[in-house]
Each structure stands twice: as C-alpha cells, then as structure tokens.
Amino acid sequence: MKLRNFGLFTLFLYMTLLSVHSLEATDLPDTVYLHDGWTFGPPAKPARFPATVPGVVQQDFIRLGVLPDPGWGTNEDSVQWAGDHDWTYRLVFKLTDEQLKSRNSILEFQGLDTYAEVKLNGREILRSENMFVGHRVPVQGLLQKENELLVAFTSPLKAALLAYEKSGVDYPADNDHGHPRLSIYTRKAPYHYGWDWGERLITIGIWRPVLLHLQGDLAFEEQPEITCRLNAPACDKAKAAVNVTLRNNTSRTKKIQIGCTLFAPDGHIVHQSRKPVACRGVVSDYSIAFDVHRPELWMPAGWGKPNLYRAEVVLYDEKGKPLGLKAEATAGFRTVELVREPDAYGRSFYFRVNGKPLFAKGANYIPGTLLLPARDEAYRRRLFDDIKDQGMNMLRVWGGGVYEDDWFYNRADSLGILIWQDFMFACTAYPGDTAFLDNVEQEVRYNVRRLRRHPSVAVWCGNNEIREGLKYWGWQKKYSPEVYSRFLTDYDKLFARLIPSLLKEEDPNRSYIQSSPDTANWGRPQTLGLGESHYWGVWYGREPFEILRERTSRFISEFGVQSFPALSSIRRFSTPADEALDSPVMKAHQKSSIGNEVIAEYIARYYTPTSDFARFVYLSQVMQGAGIRLGIEAQRAAAPFCMGSLYWQFNDAWPAVSWSAIDYYGQRKALHYEARRAFRPVILVPAADGAGIRIVNDRLVSMKDLTLSVTPVRFDGSKPQQKEWQCAVSVRANSVSDACSIPLEKLLPEAEKTRMLLLYQLKDRKGTVLADYLYYARPPKDLALPQDPGLTFTTQSTERGELKVKVKAGQLVRSLYLEVSECFGRWSDNYFDLLPGEERILLFTPDEQLPQQIRLLHQHL
C-alpha cells in the first residue's frame with residue numbers, strides 16, 4: 001500500500017446529519033415513516049402474514065410461530081426453507097390533500113435484503129440487488145390519496161444460481177455452508193451463508209427504514225459537510241468550509257440566506273454567519289468558509305475527551321425570515337494517519353492520531369445476530385457499554401458482516417472509539433465482471449458517503465484475508481491455471497483499482513489498506529517485521545501461548561482461541577441431556593471442524609483435564625482469557641515495534657462455541673475481564689522468567705517518583721522468609737519502559753515455585769497502586785493450589801436492584817468465577833485471583849429483576 005502522509009497540519013471535520021425536519025408551514029418538507037401496516041407472503045398472496053418493517057421474513061415467522069428459534073438445539077436445518085422462496089411485502093397507505101400538494105416526493109429505502117422489485121400503484125420504480133445500498137426514488141406524480149406499495153423479493157439463492165451457472169467456477173468460499181456455494185455472486189452479508197462460528201440463515205426482507213419525503217420549494221438534498229485545514233502546529237486556528245447541497249423544487253430562482261452556527265462541545269457559539277445565495281438549478285451546491293480558533297480536538301478513548309461540535313444550518317428568505325428548514329449535525333476535529341514507513345525492522349504499521357502514535361487496543365466486531373433488524377436500543381446500549389468497559393480505543397468492523405447502521409458510528413464518535421472499516425469481502429475470491437463491479441461501485445459510493453462524516457472512522461480496508469488466501473491457501477493447486485489467473489486479475493480489478501479509485505473521489509484523505517493482513521504471514525516469521533498480520537499460529541497452528549511473546553508483528557489485527565459460553569448460556573439453547581461434547585446439539589453449535597479438539601488440547605496443556613462437562617466449559621473460558629491476555633500484554637510490551645492488538649472476536653452472531661469475549665446472550669466470558677486487565681492504561685508485563693519487567697504507559701503524561709515493589713505471597717497464606725523488594729522508577733508518556741532487574745532467585749526460590757507467587761505493584765508517592773501483576777512460575781496444572789481456600793460470601797441487594805457481593809478467602813483462589821443462579825447479568829469483575837486474606841466487593845447488575853432467593857454459584861481452579 002502506498003503511504004499517504006497528510007501532514008500534521010491538516011485537520012478534517014466530519015459531520016453526521018441528525019435531522020432535517022419541518023416546522024409549521026404546510027409547504028415545508030415532511031417525512032412520513034412507512035413502517036406500520038405491512039403484510040407479506042408468497043408472491044400470489046402478499047397479504048398473508050403481518051410484517052415487521054424494518055424486519056426480515058424469518059424474524060416475523062419466528063414471532064408468528066411458523067419457524068422455530070434458529071438458535072435452539074438442532075433447529076438450523078428446519079429454518080432454511082424460508083430463504084429458498086420468494087416473498088412479497090405489501091403496504092397500503094393514505095396521504096392527505098395537503099401532503100399531495102408537495103412540490104417533490106422522494107421514496108427512500110435505506111436497505112432491501114437483497115433482490116427486490118418495487119412497485120408503487122402498479123408502476124415499477126426500483127430494482128435492487130445489493131443489501132448494502134440505500135435508494136432514493138422520485139415518485140412525484142405517482143402518489144394518490146390511497147397508495148399501494150409492493151416490494152417483491154427474489155430468493156438470493158435463486159438469483160445467484162444463474163450467475164453461478166454462467167461462471168462455471170466453484171469459488172473457494174469455504175465458509176458458505178451451501179452447495180453450490182452462491183454467496184460470492186450476491187452483495188449480501190457473507191456471514192448469512194454460514195461461517196466457522198455461525199449458522200446459515202439466508203434472510204430476506206426490508207431490513208432498514210422506509211421513508212417518504214414530501215418536499216416544499218426548498219429541501220436539503222444531501223447532508224452538510226465541513227472540511228478544515230489547520231494553520232499552525234499548535235492546532236490553535238483552522239480554516240473551515242461548510243458545504244451545503246440544496247434542491248429547488250420549482251422552476252423559479254429563489255433568493256435565500258444560508259445561516260451556519262457552530263457550537264463548541266460546551267455549547268458556546270464558535271461561529272455564526274449568513275450567506276445570501278440564489279438557487280437557480282434543481283440541485284445547487286454552496287460553501288461557507290470561516291475560521292475556528294483553538295479547536296478542541298476529538299481524542300480517542302484513553303487520551304482525552306472525544307470532543308464533538310454541534311452545527312446548525314438554517315435557511316432564511318432573502319429578507320432574513322426563517323423558512324423553517326434546519327439541518328443539525330455533530331462534528332469532530334482530528335487527524336488520523338496510517339504510517340507505513342521503512343525502518344530498521346522492515347516497515348512500520350501504526351496510526352498517528354492528532355500527531356501522536358497510538359497503540360490500538362481492541363477487537364474484531366461481527367454483527368450481533370443474523371436477524372439484523374431485531375437489534376433494539378437495549379442491545380445497542382449494552383454493546384457499547386461492553387466496548388467501553390473493556391478499555392478499547394479501536395474496533396475493527398470485519399468484512400464478512402455489514403456496514404453498520406448510523407447509530408453504531410454515532411456512538412463510536414461519542415465514546416472515542418476508532419473504527420477500522422472493512423468493505424464487505426472476506427476469505428474468498430470474487431468475480432470481476434462488469435455487472436459485479438458496477439454493483440460494487442454503487443455499494444462503495446453509498447457507504448463511503450454515509451460514513452466519511454464520522455470522526456471515528458479511521459481507515460478503509462478492502463477485504464479480509466483474500467490476498468493471503470490467494471498466496472497461501474492452496475488455490476493454485478485446487479484450480480486450473482486459467483481459473484487461478486482469473487482470480488488474480490479480478491482481485492486486481494476490485495481491490496487494487498476500483499475501490500481505491502472510488503475512495504480517491506469520495507474520501508481522498510483517509511488511508512486505504514488493500515487487504516488484511518497486508519503483508520505479514522503468521523506461518524513465515526521472517527515477514528512479521530513488514531506489516532500487519534493475523535497471527536493464527538496459536539489455535540490453527542496449535543502453538544503454545546508463549547509463542548506470542550516472540551511472534552509479534554507491527555500490528556496484529558486478528559488472533560484468538562475458542563471457548564464455550566457459560567453453562568447458563570448453554571442451557572438457553574439446549575437441555576441438560578445435551579451437555580456432552582459429542583452430543584448432536586453441541587456439535588451443531590460448534591462450526592469449527594477442529595474446535596472442541598483444539599480447546600481440549602489447550603486445556604490439557606495448562607490445566608488439569610476433566611471429563612465433567614460443566615468443568616470443561618469453565619476451563620475453556622479460563623484458558624481462552626489467560627491466553628489472549630498473555631498475547632495482548634506481549635504485544636503492548638513490544639511497542640513501538642508492534643503498535644496494535646485487535647483480538648478475534650468481540651461478540652457472537654448466534655449461540656455458539658466460538659472465539660468471542662461476549663456470548664450471544666450478552667454474557668461476559670473470562671476473555672472480557674482478562675482483555676480489560678490487559679487494556680488498562682498502565683500495565684506491568686514481566687518477562688517469561690519474571691526477572692525482567694516492562695512498564696507500559698498509554699497515557700499522554702509522564703510519571704515520576706514511582707516505586708516498583710515485588711512481594712512474595714504463599715498460596716496458603718503463611719509468611720514467606722523472603723522480604724518485599726523495591727526499586728524507584730520513572731515512566732515516560734505514551735511509551736514502554738524497562739524497569740529494574742529483579743532478584744528473582746532470592747524472591748522466589750526453586751523449591752517455592754509451585755506454592756508461592758510474586759505480587760508486582762507500581763505505586764505513586766502516595767502509595768496508590770497504579771498497576772499490578774500476579775506472577776506464577778509454573779502453569780496452573782503444576783501448582784499446589786489450595787483445594788478448600790475458605791471462601792466466604794456476603795450478599796446485599798441495593799436500592800437500584802443490583803446485588804453487592806463481598807467475597808473473602810483465607811488462602812489463594814485462582815480464576816474465581818461467580819454466577820447468580822437463574823439470573824443473567826453483568827459482574828463488575830469476574831474470573832479473578834483472590835489473594836490469601838484479601839477481601840473484594842463486587843457488583844452484579846441483573847438483566848431483569850433479581851430473584852427473591854439469591855443462590856450464588858462459583859468455580860475456581
């Protein structure tokens with residue numbers, strides 16, 4: 001990828017339109033939400049079932065009892081028929097005489113899944129064949145008092161079959177669970193066809209809102225945008241320009257004034273002006289330039305506030321009377337550069353934000369369900385609560401899912417979460433014929449224009465693992481030279497030419513990565529210094545977790561290990577009779593062909609194996625969390641050589657055994673808590689032998705007069721002969737520092753290594769602990785852990801309906817897991833070690849009301 005260096009003095013202000021609404025005049029724009037009253041059915045009987053819009057056929061069939069829950073038991077096979085058939089949606093809606101007098105009418109479909117023909121009052125107005133593209137269709141002259149809207153969907157499988165037969169190539173889409181594999185021909189969410197963590201569910205329906213825009217003489221045609229250029233390195237002044245596109249729905253020239261007001265994050269007015277313009281054409285563009293002094297920068301999480309400005313654009317007549325047209329937007333000032341420069345190790349790969357190098361901490365995100373319109377406000381709130389709780393500053397929107405809804409990017413903006421945005425291509429070659437590329441062009445333009453306004457969007461990435469697949473996945477041997485050559489040519493057309501050329505037009509100031517991983521390959525260690533990698537030596541290569549200390553690349557955007565969801569979650573999709581690794585239900589919910597075998601192998605490597613299912617489930621989570629934490633900490637400690645750690649994967653799309661930190665039901669696994677510990681702003685990372693230690697400081701402030709202490713702790717609580725050891729340290733801002741050399745042999749003699757740990761603590765001059773770490777010299781299976789550590793629990797309900805739990809132990813407890821029986825919720829902490837005599841107070845927030853009788857369950861190593 002060619003480096004794009006935009007300089008430290010260029011700042012772009014991205015705006016997200018929040019609303020365009022009408023005031024009192026009847027000639028002003030009005031928006032009608034066409035969501036109620038829909039029906040659907042087979043083409044001959046489109047009024048057979050009541051429909052939810054936005055929604056999909058399967059969502060309504062489940063609600064109506066026609067389909068069983070796809071996530072329960074082995075129901076996956078029994079729900080497939082709905083995606084094989086065509087379905088037609090029908091709506092009859094009425095308009096008033098006043099609404100029919102509108103100067104211009106536009107029918108907007110924000111998302112149709114996927115092949116659809118739309119008719120309004122018997123007239124075809126739209127054909128759509130891309131789930132990711134919204135449509136605005138002029139319908140002036142077609143509307144009447146009573147209107148019939150028909151949306152006829154063709155099954156994606158039927159529609160793609162013709163392309164498959166014409167192509168004659170069985171593409172290497174191994175994650176597509178159907179035969180033949182048709183997913184690559186259809187611009188639909190790839191994961192709907194199945195994945196190695198997800199079931200197959202070919203959804204069909206109106207999956208995003210439908211709106212009828214009734215416009216007066218004037219209307220906002222597009223969302224306002226602002227660009228801004230800094231004048232000085234101190235970021236104290238910027239030149240900004242507000243760009244406004246207006247539609248004049250009359251043949252007359254209209255003289256108006258465009259008013260622009262920019263509010264600072266604290267609400268005070270930064271700029272206010274009006275510009276007289278004459279709207280002559282149907283659509284006209286206007287620009288208002290102004291200065292912004294000392295802009296408050298949008299900062300990523302952990303570095304400061306993600307400051308957002310609020311902008312208003314108001315239209316007035318030529319005499320200054322308000323016309324009742326107002327557009328509101330939010331905006332964030334920031335620079336994000338992807339730095340790819342040759343250095344002593346090969347080639348760098350890191351993000352420079354507001355002029356400073358950022359270590360990216362986060363995960364890979366997949367859509368949280370296959371029934372996308374079913375996600376409600378509670379889901380949205382919980383999703384970003386978990387992201388914030390983990391301490392992330394970056395989330396990768398992975399290329400096998402969807403371009404997310406506006407709410408997703410709005411919340412990322414408000415929390416300072418940078419978004420690595422893939423285009424929706426993953427793990428297989430794709431066609432390069434003209435029709436396919438034309439379809440993709442619409443998709444890219446639509447989504448780039450929609451998302452480029454968000455300060456959270458940091459980078460565009462063409463695809464997930466396709467270049468790696470072309471090089472290393474054996475396609476050269478599997479296919480003829482002619483077909484493989486076609487794969488290469490089509491890849492070049494799509495990812496090396498089409499997408500970057502469109503980005504140059506639509507969003508030239510963001511970086512573009514052609515494919516992830518971009519250069520490095522986990523099976524070729526000599527390449528790890530050249531760029532970003534997906535490190536799958538752990539899991540697929542079955543390498544020990546410790547290899548992650550050695551095999552760091554410049555930026556690791558995928559690595560992971562599977563685990564089971566908690567037993568309480570498992571019992572939401574199965575019965576107790578299914579609780580065996582080889583039961584049909586457990587096999588159905590494990591989509592990786594090597595999954596349970598590799599989980600068992602990693603458990604046996606570090607823990608005492610078990611034949612008890614509940615114990616195995618618990619150990620799988622402990623193992624996963626410990627392994628990924630080791631990797632994150634090793635990658636952070638390797639900065640500035642390595643500058644990013646995005647684990648695979650954050651969440652689940654259905655109830656499954658998977659790589660996730662949050663299961664399908666929203667329950668936090670051990671990985672969530674371990675990642676949170678590894679993502680803390682300041683962490684201690686001991687060397688494998690414990691004698692050396694690195695202090696990682698993500699914060700933009702230095703720390704002086706600190707004390708690093710190392711305290712021996714016997715598991716049974718008895719007093720060791722060794723004394724606490726201390727040394728003075730200082731830590732630079734945004735850096736990794738090597739601390740003192742620790743006399744390990746004196747602090748932890750060989751004879752004590754199975755029954756004693758070392759407690760590392762970093763304290764400030766007041767004695768406040770800034771970071772800590774528990775160092776064990778042996779893997780858990782080789783430690784003499786207390787079997788009865790004397791755990792005690794005290795519970796108390798709070799006024800807010802939460803549960804406060806006080807836990808204490810007389811001896812060491814490792815990986816303590818707590819659960820409230822028959823109650824789902826979130827713990828303030830879980831899967832933690834409790835030192836001898838230590839008391840911990842935890843808070844449990846239930847999803848629903850707490851049961852009257854509290855029964856606390858727990859497990860530990």
Side-chain angles (χ1 to χ4, degrees), residues 69 71-72 368-369 374-391 411 563-576 578-579 613-615 617-618 620-622 625 650-652 654-656 660-677 789-809 813-834 838-861:
D69 177 0
W72 172 263
T369 177
R375 299 179 296 181
D376 58 12
E377 181 57 32
Y379 167 85
R380 300 170 184 179
R381 183 172 56 252
R382 185 167 190 147
L383 170 69
F384 277 93
D385 282 350
D386 288 333
I387 291 169
K388 181 180 179 181
D389 184 75
Q390 237 178 78
R411 296 203 177 181
S563 74
F564 277 68
L567 192 61
S568 55
S569 290
I570 291 172
R571 287 176 175 169
R572 294 183 73 165
F573 65 80
S574 66
T575 69
D578 300 316
E579 293 175 9
F613 181 79
R615 184 70 174 172
V617 166
Y618 160 76
S620 75
Q621 287 206 25
V622 174
F650 178 65
N651 58 331
D652 275 326
W654 82 305
S660 70
I662 308 290
D663 74 22
Y664 178 70
Y665 302 109
Q667 300 307 293
R668 295 170 171 176
K669 296 183 181 181
L671 174 53
H672 173 87
Y673 299 100
E674 295 287 29
R676 183 173 69 183
R677 292 168 192 132
L791 274 168
T792 61
F793 301 96
T794 305
T795 62
Q796 178 186 353
S797 298
T798 70
E799 293 181 356
R800 299 175 57 183
E802 299 164 323
L803 183 68
K804 184 183 291 185
V805 178
K806 184 185 294 183
V807 57
K808 189 174 181 179
V813 181
R814 285 215 66 181
S815 302
L816 177 60
Y817 165 68
L818 298 178
E819 177 185 333
V820 177
S821 179
E822 300 181 358
C823 186
F824 272 52
R826 289 178 290 176
W827 288 90
S828 59
D829 200 4
N830 216 339
Y831 294 94
F832 56 89
D833 292 1
L834 197 63
E838 182 183 4
E839 183 178 274
R840 190 84 65 95
I841 296 177
L842 309 169
L843 197 65
F844 175 75
T845 305
D847 292 349
E848 298 176 351
Q849 189 173 356
L850 282 169
Q852 288 187 345
Q853 297 294 325
I854 301 296
R855 191 158 68 97
L856 205 60
L857 308 178
H858 71 273
Q859 288 202 61
H860 58 83
L861 294 180

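The shortest non-hydrogen separation linking Ser569 to Asp663 is OG-OD2, 2.6 Å. When every heavy atom of Val617 is checked against every heavy atom of Leu567, the shortest pair comes out as CG1-N, 3.9 Å. Looking at every heavy atom in both residues, Gly71 comes nearest to Pro655 through O-CG, 3.7 Å. Nearest heavy atom pair, residue Gln667 against residue Asp847, reads NE2-OD2, 3.5 Å. Residues Leu834 and Lys808 approach most closely at CD2-C, 3.9 Å, considering heavy atoms.
With Trp827 as reference, Phe844 is the one residue of Phe844, Phe832, Tyr673, Tyr817 to meet the ring-ring contact (aromatic ring centres under 6.0 Å, His included) rule.
A 4.5 Å side-chain heavy-atom check between Leu791 and His860 finds at least one atom pair inside the cut-off. In this structure, Tyr664 and Pro565 have side chains that are not in contact, with every pair of non-hydrogen atoms separated by 4.5 Å or more. Using a 4.5 Å heavy-atom cutoff, the side chains of Tyr379 and Thr369 are not in contact. Leu856 is not listed as a side-chain neighbour of Ser821, based on a closest heavy-atom distance of 4.5 Å or more. Residues Glu819 and Gln859 have side chains not in contact (no heavy-atom distance under 4.5 Å, counting atoms from C-beta outward). Side-chain contact between Val805 and Val820 is absent, with no heavy atoms from C-beta onward closer than 4.5 Å.
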> Could you walk me through whether Leu861 and Tyr618 pass the side-chain contact (heavy atoms from CB on, under 4.5 Å) check?
Replying inline: CA-CA 9 Å; Leu861 294 180; Tyr618 160 76; 3.9 Å; yes
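Applying the 6.0 Å contact sphere to CD of Glu839 captures more than 12 heavy atoms from other residues, nucleotides or ligands. Within a 6.0 Å radius of CD in Glu377, more than 12 heavy atoms belonging to other residues, nucleotides or ligands are found.
With ring centers used as reference points, Trp72 lies 6.0 Å or more from Phe573.
A donor-acceptor pair is defined here as one N or O able to donate and one able to accept, closer than 3.5 Å; such a pair exists between the side chain of Gln621 and the backbone of Ala670. Side chain of Arg572 to backbone of Tyr665: no donor-acceptor contact under 3.5 angstrom is found. Judged purely by atom type and a 3.5 angstrom limit, Ser660 has no side-chain atom pairing as donor or acceptor with the backbone of Asp652. Asn651 places no side-chain N or O within donor-acceptor distance of the main-chain N or O of Ile662, the cut-off being under 3.5 Å. With Arg826 contributing its side chain and Gly666 its backbone, the two residues share no donor-acceptor pair below 3.5 Å.
Taking CD1 of Ile854 as the start and CD of Gln796 as the end, the distance is 12.0 Å to the nearest 0.5 Å. Taken from CG in Leu843 to CG in Leu803, the straight-line distance is 8.0 Å, to the nearest 0.5 Å. From Lys804, atom NZ reaches atom OG1 of Thr794 across 11.5 Å, with rounding to the nearest 0.5 Å. Atom CD1 of residue Ile570 and atom CG of residue Asp578 lie 10.5 Å apart, to the nearest 0.5 angstrom. With rounding to the nearest 0.5 Å, the separation of CD in Glu802 from OG1 in Thr845 is 4.0 Å.
The stretch residues 667-676 participates, sequence neighbours left out, in these salt bridge (Lys or Arg N to Asp or Glu O under 4.0 Å) pairs: Asp386-Arg668, Asp389-Arg668, Asp389-Arg676, Arg629-Glu674, Glu674-Arg677, Arg676-Asp829.
Remark: Ser797 pairs with no residue by the side chain to side chain donor-acceptor pair (under 3.5 Å) rule, at least two apart or across chains.
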